[in-house]
Amino acid sequence: MVTGGSRGIGRAISVKLVSLGYHVLVNYKSNEKEALRTLELIGEAGGSGELLKFDVSDNQQVDAAVNKWSEEHKEDYIEVLVNNAGIRKDILLMWMENAHWREVLDTNLDGFFYVTRALLKNMLVNKYGRIINIVSLSGIKGLPGQVNYSAAKAAVIGATKALAQEIGKKNVTVNAVAPGFIKTDMTKDLNESELKGMIPLNRLHPGIHHMLPVR
Ligand code: NAP
């Protein structure tokens, strides 16, 4: 399962998982058209997948979707979870409203918690699981204008380390990946010339369009 698989990094991960032989469950929140496009790309890559629509920040939606899928697939379980769904709402802390804080924490942090908890039991029972959390450079070094996002991603990094120690012995690993800047919908309003100075290659990663066949 890849959360936020309808666009950007989640789409690229979904298609990549096909080459490793996985049937991919593509989660998305609302963008059905793009989610269907990811499914199409999975098909073009020679794989199979299905869409699972739910809001990762809504505990009830997460549990309902996961329980329904499990009921319909009694012989299977979800052995790989990529917690990728994320949003940012950049603003200086001085001007930050409760909603800027809440929405970013709800999606990036609570989303990790709800989805991981929902899938973990079956990974433990089956003594195999892989959990990969997509975090960010912001959660490591902090970035101005992203106090909310940096806090959420740093929290997921802490949670990754703690959970890895809880369940490693059961052959369920938990890792975090912190990408640098990648061209996706999330970064399209950022000032590239300002940011690329932070990057050794002096450029943003060209993103999914670089990795996938052009439409
Ligand atoms: P993106 O292009 O904006 O795509 C975001 C994805 O997350 C979409 O599939 C979206 O679904 C989904 N999503 C958002 N809120 C959701 C929710 N509440 N429930 C379920 N799905 C939700 O973002 P991206 O750039 O690919 O980023 C993916 C992850 O990488 C994020 O966690 C981000 O923080 C992290 N990251 C990105 C960069 C970068 O430079 N792009 C760098 C470091 C880390 P819909 O299509 O339905 O809206």
Side-chain angles (χ1 to χ4, degrees), residues 1-16 24-39 41-42 49 51-66 81-90 99 102-116 118-119 131-143 145-146 148-157 159-160 175-192 194-196 198-199 201 203-212:
M1 178 188 289
V2 180
T3 68
S6 49
R7 292 184 280 129
I9 296 172
R11 170 180 282 171
I13 293 170
S14 298
V15 176
K16 181 70 188 174
V24 187
L25 309 185
V26 179
N27 157 258
Y28 68 106
K29 183 182 174 187
S30 56
N31 204 330
E32 179 141 356
K33 182 169 168 267
E34 294 301 321
L36 284 167
R37 177 63 187 150
T38 300
L39 262 195
L41 290 165
I42 286 173
L51 299 185
L52 272 188
K53 180 180 179 180
F54 59 83
D55 179 345
V56 297
S57 71
D58 182 328
N59 189 11
Q60 286 181 345
Q61 280 190 34
V62 172
D63 287 350
V66 170
L81 166 63
V82 183
N83 283 306
N84 164 79
I87 56 165
R88 60 177 190 86
K89 299 226 177 273
D90 297 359
R102 207 52 286 145
E103 285 168 27
V104 169
L105 270 287
D106 284 353
T107 301
N108 295 285
L109 178 58
D110 293 19
F112 148 80
F113 169 57
Y114 295 143
V115 182
T116 304
L119 301 192
I131 299 169
I132 299 106
N133 301 321
I134 307 300
V135 292
S136 169
L137 189 65
S138 293
I140 299 171
K141 76 179 285 290
L143 285 178
Q146 295 195 331
N148 48 359
Y149 183 80
S150 301
K153 293 300 193 184
V156 174
I157 292 171
T160 301
N175 286 280
V177 177
F181 294 106
I182 299 179
K183 283 190 184 174
T184 65
D185 291 343
M186 182 180 271
T187 49
K188 66 183 173 201
D189 62 336
L190 296 180
N191 183 338
E192 183 169 350
E194 233 174 61
L195 296 172
K196 66 184 187 187
M198 294 166 62
I199 301 160
L201 290 181
R203 61 163 175 78
L204 267 62
H205 187 282
I208 185 125
H209 300 296
H210 178 67
M211 297 182 262
L212 294 176

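No hydrogens, no waters, no symmetry mates; every other heavy atom, side chains included, goes into these values. Everything quoted here is computed from the prediction, not taken from an experiment. Ligands are counted one by one from 1 in listed order, and the atoms in each one are counted from 1 as well.
Every protein residue with a heavy atom nearer than 4.0 Å to ligand 1 is included here: Gly4, Gly5, Ser6, Arg7, Gly8, Ile9, Asn27, Tyr28, Lys29, Ser30, Asn31, Phe54, Asp55, Val56, Asn84, Ala85, Gly86, Ile87, Thr107, Ile134, Val135, Ser136, Tyr149, Lys153, Pro179, Gly180, Phe181, Ile182, Thr184, Asp185, Met186, Thr187.
Taking Asn148 as the reference, nothing meets the side-chain hydrogen bond (donor to acceptor under 3.5 Å, both in side chains) condition, with sequence neighbours excluded.
In this structure, Ser138 contributes its side chain and Leu143 its backbone to no donor-acceptor pair below 3.5 Å. Arg11 places a side-chain N or O within donor-acceptor distance of the main-chain N or O of Ser6, the cut-off being under 3.5 Å. Under a 3.5 Å cut-off, the side chain of Ser14 and the backbone N or O of Val26 do not form any donor-acceptor pair. Distance alone, capped at 3.5 Å, places no donor-acceptor pair between the Asn27 side chain and the Lys53 backbone.
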- Task: Give the C-alpha distance, both sets of side-chain angles, the deciding distance and a yes or no for side-chain hydrogen bond (donor to acceptor under 3.5 Å, both in side chains) between Thr160 and Asn133.
- Result: CA-CA 7 Å; Thr160 301; Asn133 301 321; 2.9 Å; yes
